[in-house]
Amino acid sequence: MSEDVLKTFIVFGFIAAIVLGSQYLNMRRRARVHETIEMAMKQGQPLPPELVDLITNRDPDSQ
């Protein structure tokens with residue numbers, strides 16, 4: 001009985017690790033994009049429309 005419980009915890013633990021890992025990596029990607037935009041704005045660089053579309057999750061071909 002305890003082996004079945006352990007196997008269940010392992011399976012759900014792997015699923016949770018995958019979901020949480022994915023969320024963490026997405027959070028880090030957004031933070032890097034934010035840092036890049038902040039640095040470009042501080043240096044007076046213009047933001048390309050493609051980057052704005054990426055940030056706002058708009059489809060660039062929808063216009």
Just by distance, do the side chain of Ser22 and the backbone of Ile18 share a donor-acceptor pair under 3.5 Å? no

Decide whether Val19 and Met27 are clustered together by the hydrophobic rule: side chain heavy atoms of Ile, Leu, Val, Met, Phe, Trp, Tyr closer than 4.5 Å, transitively. no

Separation between CG of Leu20 and CG of Leu25, rounded to the nearest 0.5 Å: 11.0 Å

